[in-house]
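Order of the sequence lines sets the chain letters (A, B, ...), proteins ahead of strands, with each chain counted from 1.
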Amino acid sequence: MSHSESIRRTRNCGELRAGHVGETVTLVGWARKRRDHGGLVFVDLWDRHGITQIVLNPEIDASAHELAHSVRAEFVLGVKGAVRARPEGTANAKMSTGDVEVYVDKAWILNTSKTPPFVIEADETPNESVRLKYRYLDMRRGPLLNNLILRGKITTAVRVYLETQGFTEVETPMLTRSTPEGARDFLVPSRLTPGAWFALPQSPQLFKQLLMVAGLDRYYQITKCFRDEDLRADRQPEFTQIDMEMSFIDEAMVREICEGMIARIFELAGKKIQTPFPIMTYADAMEKYGSDKPDIRFGLKISDVSGPVDKSEFKALKETLDSGGTVRAVAVTGGAAFSRKEIDDLIEEAKTHGAKGLAWIKVTAEGYQSSITKFFSKEILDEISAIAEAKVGDLLIFVADSKKVALDCLGRLRLSLARKLGMIDDSKFAFTWVAEFPLLDYDAEEKRYVAMHHPFTAPVAEDVPLFDTDPLKIRARAYDLALNGVEIGGGSIRIHDRSVQNRMFAALGMSDEEARGKFGFLLDALEFGAPPHGGIAFGLDRLMTIISGCESIRDVIAFPKTQKGFCPLTEAPAEVDQKQLRELGLKKDLR
RNA sequence: GGGGUCGUAGUUCAGUUGGUUAGAACGCCGGCCUGUCACGCCGGAGGUCGCGAGUUCGAGUCUCGUCGGCCCCGCCA
C-alpha cells in the first residue's frame, strides 16, 4: 500500500491491554528498538502515550516482514494487525502494554529518518547544547514532552479555576514603553517613528492596573515577560507569568484565591498539599532564615547571640558588636563530627559570602570544643547554646558582621549545609507567604531610595507618617510566595490614593514632572476613580520546575536559551540585512 | 564584569609521570539468526583530542590566550 494513503489510527501506543486481545487495530508511531531475528522481527512502536511491541512474522505477511528489515531507528510507521496475548512466559512486566503485542498484517513506512545524533531511548542524557540544537529529538525522548504536557494541563486548569473565580483573561501589549525602574529592557526599534523604541514588557504591571480602573474587576493573563539580565538555572530572558489583578480586595483575599489555584495545580500533578500556607513577615524571614524566600523544609534557623557574646572576652567578635554589628549563630545538626578540613571549607565558603571569618564551637558530650572556648565562660556558652538551640553533636557556627552580611552569609550556609547533610526532603512542598516587605531600599551607589517592589506598592497605612522620619522602616503591603526556597510569586496591594502616590515618588527622589513623564498615563488613570486594588504574579516556569522535580527551568520550557542567551536550534540572535537596519534608521557601531 | 567546572568517535565517557599506532560502551554499516524486549553471534567503518599560540626531541596530557556548555557572584522579583 502506498504511504500517501491516509492511515487512521484506531488506538495509540500506550493503551492496549489484555482486554483488547482479538481486536484488529491500526497504530502509528515511531520505530524505537528493532529486534530482528531474521525471521521474526519485533519493533517497539512509540508515540507519546507509550510503547507497544509489534511483531512482523513472515508467515503472517511476507511483505510487512520484508519492510521490517529496512526499518531503522525513528522511522515513522503505520501498522495494522490483531492484538494478541503474548505467548506464555514472554510478557514484559516493565511495560504497561507488556501483556500484549500486535501481529502485523499490513505495514506502511510513513517516513524515514536519518540516524539521530543521539540515541532517543538511551538512559544517558546528552550534553545540553546537543539537546537544545535537536530540541525536537530531545523532546521525543519522553521526559521533556511529559513536562510540557503537564504544563499545558496546568495552564488549562488555571484558566478554568480563575474563570470560575470571576477573572477575565485580557491580553496586554508586547510592544510597549520602556520602564525606568527594574530590569534592563529588551528594545524594539520603531520603523514608523525612526529613533524611537518599544520595549518588551518586563510584566504587564501598568496595564493590569489600568484594567482595574476600567472596572474589569478581576483580570488574569498567562503571558510572556522579558528581562534582559544574565541567566541562571532558574532564569530565562523570556519567561511566563500567571498574572492577576483584583479590585476591592485585601491581602487575605489574594492569598485565599492563590492558595486555591496552587492547590488545584498540585492536585493535577498528583500531589496533595496543605492550605492555607503559613505566613511570616519579611523581618522574621530575614532573622531566622537569612533570606526573603526561606526554605522551611528543614531547621538550621539563625539566632542572635550578640547578648552573651558581648559578655565574653572574645575581642574580635566584641569589636564587631561595638561598631554596631551583630553576632548570629546556627546550630548545625550533627556538625560536631565535621573534620578539620570540612570546617576549613565551611570557613572558606563563609568568606565567599562576604563574611570576614567564621567562628565555630563543637558541642560534644565531653563539653564545648574549639580553639575559641577559652574566651567564653561555661555559663556564656550554655546561654549561647540555649539561644541557638544547640544539642550535643551539633556544631555552632558564628558570623560577626553587619546584620545584613551576617544574616545573608548564614542564610546561604544553611542551604548548602542542609544539602550536604541530606536534611532536605525532596518529596516535600513547603510553601510560605512572606509579607510586610520594606517599601523602600537604599541604593548606596545611586545614593537614593528605590522601590523594593515597584513604585505603585501601597505602604501599610499606619507606617505612612514614616515617610517624613524613617522611610526605610515603612512596611509595604507586598507579599511573596516562596516554595522550597524559591520565590514562585509576588505581588502587592497598590496605591490608589494620589496623595500617597505623590509621597512615594517624592521618597524616590522623583519630581512630579518626572513621574508624570514616566508614568503619566497611569497617574491620570488613578485620578478617574481607581478602585482599591492589588494583584500578584506567579512564575509559571519556576513552579513547573519544582512540580516536575527538575533541576533547571530549561526542562519545562519547550525552546529555551543557553546561559549566553543563545538558541542553538534557531541560532538566534543573528545578524540582519543592511536593508533591515536602514529601514529602521539604525547603523551598526560595535566597539 | 568576575569565580568555578567541563570540552577526546554520532552519544556517554576512560586516557597513568609528557613517550610507539588515542581506547571502551552504546549507536552506525554489512552478514547470520522465529520469542526478543539492554535480543544474541560474526565482521567493519568511524577522531581537526573545541580553536590558536607557546614550552619540549616529543603535547590529548604542561603554560597562556580564545570560543562554547553548565553552576555561581554581581545583575535580576
Side-chain angles (χ1 to χ4, degrees), chain A residues 32-45 51-60 65 68-69 72-74 84 86-95 97-98 101 103 114-134 137-138 141 181-185 202-203 205 225-237 239 241 292-293 348-349 351-354 408 412 415-416 434 437 441 445 450-454 457 478-482 486-492 536-539 542 551-552 554 561-564 566 568:
Chain A
R32 269 291 140 89
K33 202 80 194 177
R34 190 182 52 132
R35 291 175 294 278
D36 187 342
H37 290 239
L40 268 190
V41 179
F42 300 95
V43 176
D44 287 340
L45 195 66
I51 291 178
T52 297
Q53 174 167 278
I54 60 174
V55 187
L56 297 113
N57 188 328
E59 291 159 17
I60 302 280
H65 176 257
H69 285 291
R72 292 293 179 272
E74 301 307 316
R84 290 201 192 171
R86 295 203 190 177
E88 189 72 33
T90 63
N92 187 343
K94 282 181 271 181
M95 297 170 73
T97 61
E101 58 197 5
Y103 254 71
K114 294 200 333 192
T115 301
F118 48 85
V119 182
I120 305 292
E121 75 276 21
D123 299 328
E124 292 161 337
T125 308
N127 181 288
E128 189 135 6
S129 53
V130 181
R131 292 176 57 200
L132 290 179
K133 180 169 181 186
Y134 298 98
L137 296 180
D138 188 24
R141 291 167 62 237
E181 314 254 331
R184 194 177 293 115
D185 284 318
Q202 294 181 25
S203 81
Q205 183 60 39
C225 300
F226 306 86
R227 292 177 191 161
D228 189 7
E229 298 293 348
D230 286 2
L231 284 67
R232 287 285 188 284
D234 62 351
R235 267 163 34 192
Q236 282 274 305
F239 58 99
Q241 283 192 345
D292 62 359
K293 41 180 196 286
E348 281 315 302
E349 194 183 338
K351 286 179 181 167
T352 67
H353 298 142
D408 179 65
R412 290 172 192 272
L415 289 177
S416 76
V434 179
F437 274 73
D441 199 7
E445 257 175 55
V450 293
M452 195 133 174
H453 192 62
H454 57 61
T457 299
Y479 33 79
D480 276 3
L481 183 62
V486 176
E487 182 207 321
I488 59 162
S492 64
I536 191 165
F538 290 94
R542 285 184 182 175
E551 296 287 318
S552 162
R554 294 182 300 278
K561 292 174 179 61
T562 69
Q563 195 161 45
K564 286 241 156 57
F566 180 72

Practice prompt. Establish whether the base of rC37(B) is bridged to the side chain of Arg86(A) by a donor-acceptor pair shorter than 3.5 Å.
Written response: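 Yes.
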Whole angstroms only, please: what is the [atom1]-[atom2] distance between [X] and [N]?
X: Ile120(A); N: rU12(B); atom1: CD1; atom2: P; answer: 13 Å
X: Ile54(A); N: rU34(B); atom1: CD1; atom2: P; answer: 19 Å
X: Arg131(A); N: rG10(B); atom1: CZ; atom2: C1'; answer: 17 Å
X: Arg34(A); N: rC28(B); atom1: CZ; atom2: P; answer: 8 Å
X: Asp44(A); N: rC37(B); atom1: CG; atom2: P; answer: 11 Å

Discussion item. Generate the contact string for nucleotides 70-76 of chain B. Rules: B means base contact, S means sugar-phosphate contact only, - means no protein heavy atom under 4.0 Å.
Written reply: BBSBBBB
Please report the distance separating the [atom1] of [N] from the corresponding atom of [M], rounded so that it comes out in whole Å.
N: rG46(B); M: rG52(B); atom1: C1'; answer: 26 Å
N: rC32(B); M: rG50(B); atom1: P; answer: 40 Å
N: rG18(B); M: rG60(B); atom1: C1'; answer: 11 Å
N: rU66(B); M: rG23(B); atom1: C1'; answer: 29 Å
N: rC64(B); M: rG4(B); atom1: P; answer: 11 Å
N: rG65(B); M: rG1(B); atom1: P; answer: 16 Å
N: rC28(B); M: rU63(B); atom1: C1'; answer: 39 Å

Discussion item. Which residues pass the ring pair (Phe, Tyr, Trp, His ring centres under 6.0 Å) test with Tyr103(A), not counting sequence neighbours?
Written reply: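 Listed in chain order: nothing, the list is empty.
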Looking across every strand, which nucleic acid part, if any, lies under 4.0 Å from [X] by heavy atom: base, sugar-phosphate, or nothing?
X: Pro126(A); result: sugar-phosphate
X: Ser203(A); result: nothing
X: Pro116(A); result: nothing
X: Asn57(A); result: base
X: Asp228(A); result: nothing
X: Glu101(A); result: base
X: His454(A); result: nothing

Worksheet item: When you measure from the side chain of Asn127(A), which nucleotide among rU12(B), rC37(B), rA77(B) comes out closest?
Response: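 Nucleotide nearest to Asn127(A)'s side chain: rU12(B).
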Item to complete: Please determine, for the side chain of Pro58(A), which listed nucleotide (rU11(B), rU34(B), rA77(B)) has the closest atom?
Response: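 Between rU11(B), rU34(B), rA77(B), the one nearest the side chain of Pro58(A) would be rU34(B).
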Practice prompt. Applying salt bridge (charged side-chain N to carboxylate O under 4.0 Å, His left out), name anything that partners Glu121(A), two or more places apart in sequence or on another chain.
Written response: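 Expected list: Lys33(A).
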Worksheet item: Lys33(A) side chain N/O closer than 4.0 Å to the phosphate oxygens (OP1, OP2) of rC39(B)?
Response: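 Result: yes.
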Practice prompt. Return no unless some side-chain N or O of Arg35(A) is found under 4.0 Å from OP1 or OP2 of rC39(B).
Written response: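 Arg35(A) to rC39(B) OP1/OP2: side-chain N or O found under 4.0 Å.
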Practice prompt. Take Ser416(A) and Glu349(A) through the test side-chain hydrogen bond (donor to acceptor under 3.5 Å, both in side chains) and record every step on the way to the result.
Written response: CA-CA 10 Å; Ser416(A) 76; Glu349(A) 194 183 338; 2.7 Å; yes
Fill in: RNA chain B: 5'-proximal contact among Gln53(A) and Phe239(A) (nearest heavy atom)
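Looking at RNA chain B, the more 5' nearest nucleotide goes with Gln53(A).
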Worksheet item: Do we count Phe118(A) as stacking onto rU11(B) if the rule is ring centres under 5.5 Å and planes under 30°?
Response: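 Stacking between Phe118(A) and rU11(B): absent.
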